[in-house]
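Okay, so here's the structure we're looking at.
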Amino acid sequence: MHDQALMNVALAQAQKSYDEGGLPIGAALVDGSGRIIAQGHNRRVQNGDPTSHGETDCIRNAGRRRDWHTLTLYTTLSPCIMCTGTALLLRIPRIVIGENLNFMGEEELLRQRGVEVRVLNHPGCIALMARFQREKPEVWNEDIGL
């Protein structure tokens with residue numbers, strides 16, 4: 001599967017979170033053959049857990065692994081400093097980002113640390129996050145949107 005198709009997997013997770021009343025951020029972890037290892041979505045609102053971002057939820061769902069350095073992380077939104085740090089700690093070498101127009105995360109830090117970063121400007125990712133920010137600015141501004 002190519003990047004656009006795999007981003008649609010992450011976007012489906014973002015939609016799931018939105019439908020649950022949470023932040024529409026989804027992620028998928030994929031190996032070199034295109035096999036999906038894990039998926040996840042932001043559960044900060046649903047679980048009352050400020051660390052349950054889309055990327056961290058996906059990584060938790062992947063469990064203990066020794067092959068992080070071979071995986072690609074797909075995320076619908078540019079990763080915040082916490083999710084960037086998690087990816088760097090695990091040595092994930094490639095991150096594909098759905099969009100960075102509604103929020104610019106720590107892409108430069110990822111690049112400085114040798115991570116391949118690709119931004120797709122995926123229309124579905126852009127539209128869903130913009131809709132959420134319009135509808136629930138108070139929830140967005142609880143942490144990341146400040």
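As the structure is a computational prediction, the values presented were derived from the model and not from experiment. Hydrogens, waters and symmetry mates play no part in the numbers below; they use all other heavy atoms, side chains included.
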Query raised in the report: Less than 4.5 Å apart, any side-chain heavy atom of E107 and any of L109?
Result: no
Report task. Report, as yes or no, whether the 6.0 Å neighbourhood of atom CZ on R113 holds more than 12 heavy atoms from other residues, nucleotides or ligands. Result -> no
Query raised in the report: Between F103 and I81, is there a shared hydrophobic cluster once you connect ILVMFWY residues whose side-chain heavy atoms come closer than 4.5 Å?
Result: no
Query raised in the report: So if you build clusters from Ile, Leu, Val, Met, Phe, Trp, Tyr with side-chain heavy-atom gaps below 4.5 Å, do L110 and M7 land together?
Result: no
Query raised in the report: About how many Å separate CG of D3 and CZ of R118, when rounded to the nearest 0.5 Å?
Result: 4.5 Å
Requested in this report: Return yes when atom CZ of R91 has more than 12 non-hydrogen atoms of other residues, nucleotides or ligands closer than 6.0 Å, and no otherwise.
Outcome: no
Query raised in the report: Do you reckon V117 sits in the same ILVMFWY cluster as L90, going by side-chain contacts under 4.5 Å, direct or chained?
Result: yes
Report task. Hey, could you give me the CG/NE2 distance between L101 and H122, rounded to the nearest 0.5 Å? Result -> 13.0 Å
Query raised in the report: Any chance the side chains of Q15 and D19 put a donor and an acceptor closer than 3.5 Å?
Result: yes
Query raised in the report: Do N100 side-chain atoms and M104 backbone N/O form a donor-acceptor pair below 3.5 Å?
Result: no
Can you give each donor-acceptor pair under 3.5 Å made by side-chain atoms of residues 124-131, sequence neighbours left out, with the distance rounded to 0.1 Å?
residue: R131; atom: NE; partner: Y18; partner atom: OH; Å: 3.0
residue: R131; atom: NE; partner: E135; partner atom: OE2; Å: 2.9
residue: R131; atom: NH2; partner: Y18; partner atom: OH; Å: 3.2

Query - Donor-acceptor side-chain pairing of T84 and E55 below 3.5 angstrom - result: no
Query raised in the report: Are E99 and L77 close enough that some pair of their side-chain heavy atoms sits under 4.5 Å apart?
Result: yes
Query raised in the report: Going from SG on C80 to CD on E106, what distance comes out if it is rounded to the nearest 0.5 angstrom?
Result: 8.5 Å
Requested in this report: Could you check if a side-chain atom of I36 sits within less than 4.5 angstrom of a side-chain atom of L6, using non-hydrogen atoms only?
Outcome: yes
Query raised in the report: Is the closest side-chain heavy-atom distance between C83 and T56 below 4.5 Å?
Result: yes
Requested in this report: Taking all heavy atoms of W68 and all of A62, pick out the closest pair and write down the distance.
Outcome: CH2-CB, 3.8 Å
**Report entry** Same apolar cluster: I37 and I59, side chain cutoff 4.5 Å
**Finding:** yes
Query raised in the report: Hey, does Y74 have a side-chain heavy atom less than 4.5 Å from the side chain of V9?
Result: no
Query raised in the report: Got H69 and I92 here, is their nearest side-chain heavy-atom distance under 4.5 Å?
Result: no
**Report entry** Donor-acceptor pair, side chain of D57 and main chain of H41, under 3.5 angstrom
**Finding:** yes
Query - Residue pair I25 / T75, side-chain heavy-atom distance below 4.5 Å - result: yes
**Report entry** Spatial distance of atom CD (Q133) from atom CG (L23) [nearest 0.5 Å]
**Finding:** 9.0 Å
Query raised in the report: For Q39 and N61, what are the C-alpha separation, side-chain angles and deciding distance, and is it a side chain to side chain contact (heavy atoms under 4.5 Å, CB included)?
Result: CA-CA 7 Å; Q39 300 175 52; N61 291 337; 5.8 Å; no
Query raised in the report: Is a donor on one side and an acceptor on the other found under 3.5 Å between the side chain of D31 and the backbone of G34?
Result: yes
Query raised in the report: Hey, is R44 close enough to E142 for a salt bridge, meaning N to O under 4.0 Å?
Result: yes
Query raised in the report: Is a side-chain N or O of N47 found less than 3.5 angstrom from the main chain of D49, in a donor-acceptor match?
Result: no
Query raised in the report: What pair of heavy atoms forms the shortest contact from A14 to G26, and how long is it?
Result: CB-N, 3.5 Å
Report summary line: Tightest non-hydrogen contact, residues A28 and A10, listed as N-CB, 4.2 Å
Requested in this report: Indicate yes or no: at least one non-hydrogen side-chain atom of R60 is less than 4.5 angstrom from one of T51.
Outcome: yes
Query raised in the report: Do I97 and V115 belong together in a cluster built from hydrophobic side chains that touch within less than 4.5 Å?
Result: yes
Requested in this report: Keeping the roles fixed (side chain from E20, backbone from G22), state whether a donor-acceptor pair exists under 3.5 Å.
Outcome: no
Report task. Mind listing the closest non-hydrogen atom pair of D67 and L71 along with its distance? Result -> O-CG, 3.4 Å
**Report entry** Backbone of M82 reached by a side-chain donor or acceptor of T86 within 3.5 Å
**Finding:** yes
